[in-house]
Amino acid sequence: MAASVALFRPVVTLVSHPALSNQRVVAPQTRRCKIPIFRASVSAQPFVAAPDDLVASMLSKVKGTDRGVSLTKDEHKEVASVASQLAGYCVDEPVKCPLIFGDWDVVYCSVPTSPGGGYRSAIGRLVFKTNEMVQVVEAPDIVRNKVSFSAFGFLDGEVSLKGKLKVLDDKWIQVIFEPPQLKVGPLGFQYGGESEVKLQITYIDEKIRLGLGSRGSLFVFLRRG
């Protein structure tokens, strides 16, 4: 399910002009969202990715922080500042960009309990150590969230949700999730009821995706693989 992307090479245009004969004009380099393996109702849009140093800065600020848990208030502000800069490079209609499809690691959230719920609360983290937090977006409209953990340091388990994605506008999506599935050791069962989230896609490229929840939570996703 990992998304494949294609980069368009610079277009070289020969210009016929008395003063510019024998010169070539190179058009600016653009990149297009393109995933040929999916047949979703989305459009391939040209976009200019953010400078590599901005993306690298974002990843360096969230790396090794337990998805933002260990950051101070000021460090969260620094992450938000970089996210704001990256948003300036977002495509006009990110919900139509096929780069949203694929497998993503959740590497940061400004509110620890937003992904994972009670398993990521202060008390929950004492019992459950998060091993992986993954979101898979499948064409055309399926979202799968999975949190894998170790309980008490020796009992492995996971919580998974499957949801239906609905586009609300050019940047906002809504996902309605079925009741979660809990698996602990050999045991598995369903619990709770349906849930829903709304998320604004504020930046996306081949490597990272940023989202802003309806309650203000900032998410950073890193493409797997």
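As a basis for the values below, the full set of heavy atoms in this structure was taken, side chains included, without hydrogen atoms, waters or symmetry mates. We're numbering straight along the sequence, starting at 1. If you're wondering where the values come from, they're calculated on a predicted model, not measured in any experiment.
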Exercise for review: Any chance you could measure F154, atom CZ, to K129, atom NZ, to the nearest 0.5 Å?
Suggested key: 14.5 Å
Exercise for review: Using atom types as modelled and distance alone, determine if a side-chain donor or acceptor of R209 lies under 3.5 Å from a backbone N or O of I100.
Suggested key: no
Review point. Is the backbone of A56 close enough, under 3.5 Å, to the side chain of S60 for a donor and an acceptor to pair up by distance?
Key: yes
Review point. Is there a chain of hydrophobic side chains (I, L, V, M, F, W, Y, each step under 4.5 Å between heavy atoms) that links Y191 to I176?
Key: no
Check your understanding: Between atom SG of C109 and atom CG of D66, what is the distance when rounded to the nearest 0.5 Å?
Key -> 11.5 Å
Review point. Are I204 and L210 close enough, and set up right, to give a side chain to side chain contact (heavy atoms under 4.5 Å, CB included), and what steps lead you there?
Key: CA-CA 6 Å; I204 187 168; L210 306 184; over 6 Å; no
Revision key, fill the gap. For Y89 and P51 the tightest heavy-atom approach is CZ-CD, 3.4 Å
Review point. Any cation-pi pair here, R224 with W104, using under 6.0 Å and within 45°?
Key: no
Check your understanding: Between R144 and E138, is there a side-chain N and carboxylate O pair less than 4.0 Å apart?
Key -> yes
Review point. Under 4.5 Å between side-chain heavy atoms, hopping through other hydrophobics if needed: is there a path connecting L182 to L155?
Key: yes
Review point. Are K164 and V175 side-chain neighbours, meaning at least one heavy-atom pair lies under 4.5 Å?
Key: no
Check your understanding: How close do P94 and I201 get, heavy atom to heavy atom, and via which atoms?
Key -> CG-O, 3.5 Å
Check your understanding: For E158 and K183, what are the C-alpha separation, side-chain angles and deciding distance, and is it a salt bridge (Lys or Arg N to Asp or Glu O under 4.0 Å)?
Key -> CA-CA 5 Å; E158 68 177 45; K183 182 178 180 182; over 6 Å; no
Review point. If you round to the nearest 0.5 Å, how far is CG of D103 from CG of D105?
Key: 8.5 Å
**Study point:** Value rounded to 0.5 Å, distance of CG in D170 from CD in E93
**Key:** 4.0 Å
Check your understanding: Under a 4.5 Å side-chain heavy-atom rule over Ile, Leu, Val, Met, Phe, Trp and Tyr, are V137 and V167 clustered together?
Key -> yes
Review point. Taking the side chain as C-beta and beyond, is there a heavy-atom pair between K207 and R223 under 4.5 Å?
Key: no
Exercise for review: Ignoring hydrogens and angles, tell me if any N or O in the side chain of E75 forms a donor-acceptor pair with the backbone of T72 under 3.5 Å.
Suggested key: yes
Point to revise | Backbone of L218 reached by a side-chain donor or acceptor of S110 within 3.5 Å | key: yes
Exercise for review: Using a 4.5 Å cut-off on heavy atoms from C-beta on, say whether the side chain of V134 contacts that of N145.
Suggested key: no
Point to revise | Derivation and outcome, side chain to side chain contact (heavy atoms under 4.5 Å, CB included), residues L199 and F219 | key: CA-CA 9 Å; L199 190 73; F219 294 85; 3.8 Å; yes
Exercise for review: Please lay out, stage by stage, how L222 and L59 fare under the test side chain to side chain contact (heavy atoms under 4.5 Å, CB included).
Suggested key: CA-CA 9 Å; L222 176 65; L59 293 177; 4.1 Å; yes
Practice item. Test S150 against N131 for side chain to side chain donor-acceptor pair (under 3.5 Å), laying out the working first. Key: CA-CA 7 Å; S150 295; N131 296 325; 3.1 Å; yes
Check your understanding: Looking only at heavy atoms, which two atoms of V82 and S57 are closest? And how far apart?
Key -> CG2-OG, 3.8 Å
Check your understanding: Got a sec, which pairs hit ring pair (Phe, Tyr, Trp, His ring centres under 6.0 Å) with one end in residues 56-85, sequence neighbours left out?
Key -> H76-Y108
Exercise for review: Would you kindly confirm whether L187 and L161 end up in one hydrophobic cluster when ILVMFWY residues are joined by side chain heavy atoms under 4.5 Å apart?
Suggested key: no
Point to revise | Qualifying residue, where the test is side chain to side chain contact (heavy atoms under 4.5 Å, CB included) with L86 and the options are L54, V220, T202 | key: L54
Exercise for review: Would you indicate whether the side-chain heavy atoms of V136 and V143 approach each other to under 4.5 Å?
Suggested key: no
**Study point:** Minimal non-hydrogen separation, I208 against Y203, with atom names
**Key:** CG1-CE2, 3.8 Å
Point to revise | Gap separating the CD atom of E78 from the NZ atom of K61, nearest 0.5 angstrom | key: 4.0 Å
Review point. What residues form a side-chain contact (heavy atoms from CB on, under 4.5 Å) with D169, not counting sequence neighbours?
Key: K171, W172
**Study point:** Hydrophobic cluster identity match, V111 and V107, side-chain contacts under 4.5 Å
**Key:** no
Study note, to complete from the structure: Closest non-hydrogen contact found for P179 with G192 is CB-O, 3.7 Å
Check your understanding: Would you say I142 and K162 make side-chain contact, with heavy atoms under 4.5 Å?
Key -> yes
Exercise for review: Begin with the C-alpha distance, continue with both residues' side-chain angles, and end with the deciding distance and a verdict on side chain to side chain contact (heavy atoms under 4.5 Å, CB included) for E196 and K198.
Suggested key: CA-CA 7 Å; E196 70 172 71; K198 293 180 180 179; 3.9 Å; yes
Revision key, fill the gap. Nearest heavy-atom contact between L99 and E206 is CD1-N, 4.0 Å
Review point. Can S148 and D156 be counted as having a side-chain donor-acceptor contact under 3.5 angstrom?
Key: no
